[in-house]
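Structure record follows, encoded as structure tokens.
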Amino acid sequence: MELGPFLNELWIVRYILLEGLWRTVSISLLAIVAGSLLGVLVGLALTYGALPLRWLMRGYTDFIRGTPVLVLVLASYYMLSTIGLQLNPFEAGVLALAVFCSSHVGEMLRGALQAIPRGQTEAAKVIGLTFHQAFIYVLAPQAIRHVLPTWVNTAAEMVKASTLLSIIGVGELLLTTQEIISRTFMSLPFYFFAGALYFVVNYGIERFGKYVERRTTIPS
Amino acid sequence: MTKLLEIRDLHKRYGATEVLKGVDCDMAKGDVVCVIGSSGSGKTTMLRCINMLEEFQGGTIRINDEEIGYETVGGMRRRKREREIARQRLLTGMAFQQFNLFPHLTALDNVTLGLIKVKKLSRAEARTIAERWLERVGLLARKDHYPGQLSGGQQQRVAIARAIAMNPLLMLFDEVTSALDPELVNEVLQVIKDLARDGMSMLIVTHEMRFAYEVANRVIFMNQGRIGEEGDPREMFVTPKTERLAEFLKTSTFR
Ligand SMILES: Nc1ncnc2c1ncn2[C@@H]1O[C@H](COP(=O)(O)OP(=O)(O)O)[C@@H](O)[C@H]1O
Ligand SMILES: [Mg+2]
């Protein structure tokens with residue numbers, strides 16, 4: 001395989017590729033942010049909610065986590081329109097990924113909160129903190145530290161899962177790459193190149209996670 | 001003078017098992033009362049009822065004549081509102097067997113948290129008070145250490161400082177030396193003795209008989225959810241009136 005023609009093509013499609021990469025990044029970012037916010041609510045409901053709410057959320061997380069992401073993406077795009085919610089592919093895709101993300105974050109947070117010894121809450125209570133204050137100043141900081149490594153993993157999974165949006169026609173990195181290949185017939189180098197870009201993005205996420213982890217580790 | 005603490009006919013059940021079967025206890029300001037008794041006799045539970053870490057089904061607890069945890073409205077006994085209970089918890093301070101320091105906060109921040117968030121003191125005021133108490137327990141030099149960087153004895157002393165800094169009327173200690181290596185026990189007991197000398201009112205669950213003998217002006221012997229015997233340790237430990245207490249003392253170590 002010669003590198004010259006590939007580099008030549010690459011230079012020609014650089015903006016198209018960049019746009020695809022940007023779309024991948026923005027899909028992932030939106031899904032992670034929205035999914036995490038939603039996931040925090042899910043996690044709180046799973047941990048502290050009244051019993052019916054807890055059951056409801058348990059059903060939600062178990063159902064979502066048991067469903068392939070591709071099915072969520074397709075359902076979000078094709079099924080929501082049948083109930084009158086008209087989303088474009090981008091919106092539908094982000095929604096599906098965010099929902100997927102929320103079920104994982106919710107479950108992670110529940111696990112982290114429940115892993116905190118009961119003595120922590122009690123110590124907070126006996127110095128007069130209300131539940132609300134105990135959560136903010138005592139439980140959440142510990143739970144977040146605990147969740148962080150897994151959360152970074154989930155974020156990286158979101159980037160990978162964003163490729164599934166190509167199926168419903170969102171021009172993210174994978175679909176853009178495929179379109180370029182269908183014009184240039186250089187499948188191998190462009191797939192490799194796309195793979196490398198995904199790797200860079202996820203490597204960046206991982207490094208960022210490690211950095212935050214280092215910054216927030218409790219000395220002992 | 002009103003009593004500092006007045007417990008009347010306290011009943012506590014876990015499901016069907018009754019673990020406190022009618023406990024009475026009075027304390028005046030400045031009293032140091034040690035609670036002894038075999039494991040499972042209900043010592044911890046009694047302490048935890050006083051600050052409403054546990055609910056109880058019968059009887060009343062009063063601190064400075066204020067009823068703790070429950071109120072009777074139209075003949076119906078009901079739990080007070082959470083906010084009210086949170087406020088009442090400030091009447092007492094508690095130190096736990098497992099310290100329960102907040103691991104993500106330094107020693108200083110462990111002590112200032114309640115002062116800032118609950119007492120609404122400024123950061124500077126809170127810091128001054130916290131440093132004073134950390135100094136009292138001999139840990140001012142370690143104020144920026146995290147709990148994980150402190151020994152068990154040091155952690156427990158910070159935990160005591162955290163509780164006392166809130167300026168409670170009554171301190172509750174639940175076997176604060178039981179989780180410690182033997183060589184670290186004394187530094188913690190010494191802190192409590194110093195507090196006793198200052199006139200701090202304290203209710204202390206302990207297995208350290210010698211300490212109880214030295215520090216308490218009254219000892220309560222708990223036995224199967226009831227007060228088996230109580231009185232001056234100098235009499236009780238020498239001439240126990242009940243078979244139970246005699247037995248218990250025989251199996252205890254006075255080190
Ligand atoms: N959360 C709980 N659920 C059920 N039983 C409990 C619980 N906590 C304590 N108990 C029981 O209550 C009794 C008194 O316990 P506790 O007050 O801890 O005794 P002590 O502190 O004197 O060792 C014991 O029999 C114990 O098994
Ligand atoms: Mg106990």
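We use all heavy atoms of the structure for the numbers below, so side chains are in, but hydrogens, waters and symmetry mates are not. We name chains A, B, ... by the order of the sequence lines, and we start the count at 1 in each one. Predicted, not measured: the structure shown is a model, and the values here were computed from it.
B/Arg13 CZ: 12 or fewer foreign heavy atoms inside a 6.0 Å radius. For A/Phe208, the CZ atom is loosely surrounded, since the number of other residues' heavy atoms within 6.0 Å does not exceed 12. Under a cut-off of 6.0 angstrom, the local environment of NE2 in B/His145 is crowded, with over 12 non-hydrogen atoms contributed by other residues, nucleotides or ligands. Within 6.0 Å of atom CZ in B/Arg83, 12 or fewer heavy atoms from other residues, nucleotides or ligands are found, so the atom counts as exposed in its surroundings. More than 12 non-hydrogen atoms from other residues, nucleotides or ligands lie less than 6.0 angstrom from CZ of A/Phe90. In the displayed structure, B/Tyr14 atom OH is contacted under 6.0 Å by more than 12 heavy atoms of other residues, nucleotides or ligands.
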Inset, instruction - Starting from the C-alpha separation in whole Å, work towards a yes-or-no answer on side chain to side chain contact (heavy atoms under 4.5 Å, CB included) for B/Leu113 and A/Val138. - result: CA-CA 10 Å; B/Leu113 182 64; A/Val138 176; 4.0 Å; yes
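Proximity to chain A (any heavy atom under 4.5 Å) is restricted, for B/Phe96, to the side chain, taken from C-beta onward. In this structure, chain A has a heavy atom under 4.5 Å from the backbone of B/Thr92, while its side chain stays farther away. Proximity to chain B (any heavy atom under 4.5 Å) is restricted, for A/Gln133, to the side chain, taken from C-beta onward. Neither the backbone nor the side chain of B/Arg87 comes within contact range of chain A, judged by heavy atoms closer than 4.5 Å. For a residue to count as touching a neighbouring chain, one of its non-hydrogen atoms must lie under 4.5 Å from one of that chain's; by this rule B/Leu101 touches chain A with the backbone only. For A/Ile127, the parts lying near chain B are the backbone and the side chain together; criterion is any non-hydrogen pair under 4.5 Å.
Closest approach of B/Asn100 and A/Ala123 over heavy atoms only: O-CB, 3.4 Å. When all heavy atoms are compared, the tightest approach of B/Gln149 to A/Ser220 is CG-CA, 3.7 Å.
In this structure, CZ in B/Arg89 is found 10.5 Å from OG1 in A/Thr130, a value given to the nearest 0.5 Å. A distance of 9.5 Å separates CD1 in B/Ile116 from OH in A/Tyr137, rounded to the nearest 0.5 Å. Note: B/Phe102 CZ to A/Leu139 CG = 9.0 Å, rounded to the nearest 0.5 Å.
Not one N or O on the side chain of B/His104 forms a donor-acceptor pair closer than 3.5 Å with the backbone of A/Arg145.
You'll find the side chain of B/Glu82 stays beyond 4.5 Å of the side chain of A/Phe131, heavy atoms only. Contact annotation: the side chain of B/Gln98 never approaches that of A/Pro117 to less than 4.5 Å [non-hydrogen atoms, C-beta and beyond]. The closest side-chain heavy-atom distance from A/Glu122 to B/Met94 is not below 4.5 Å.
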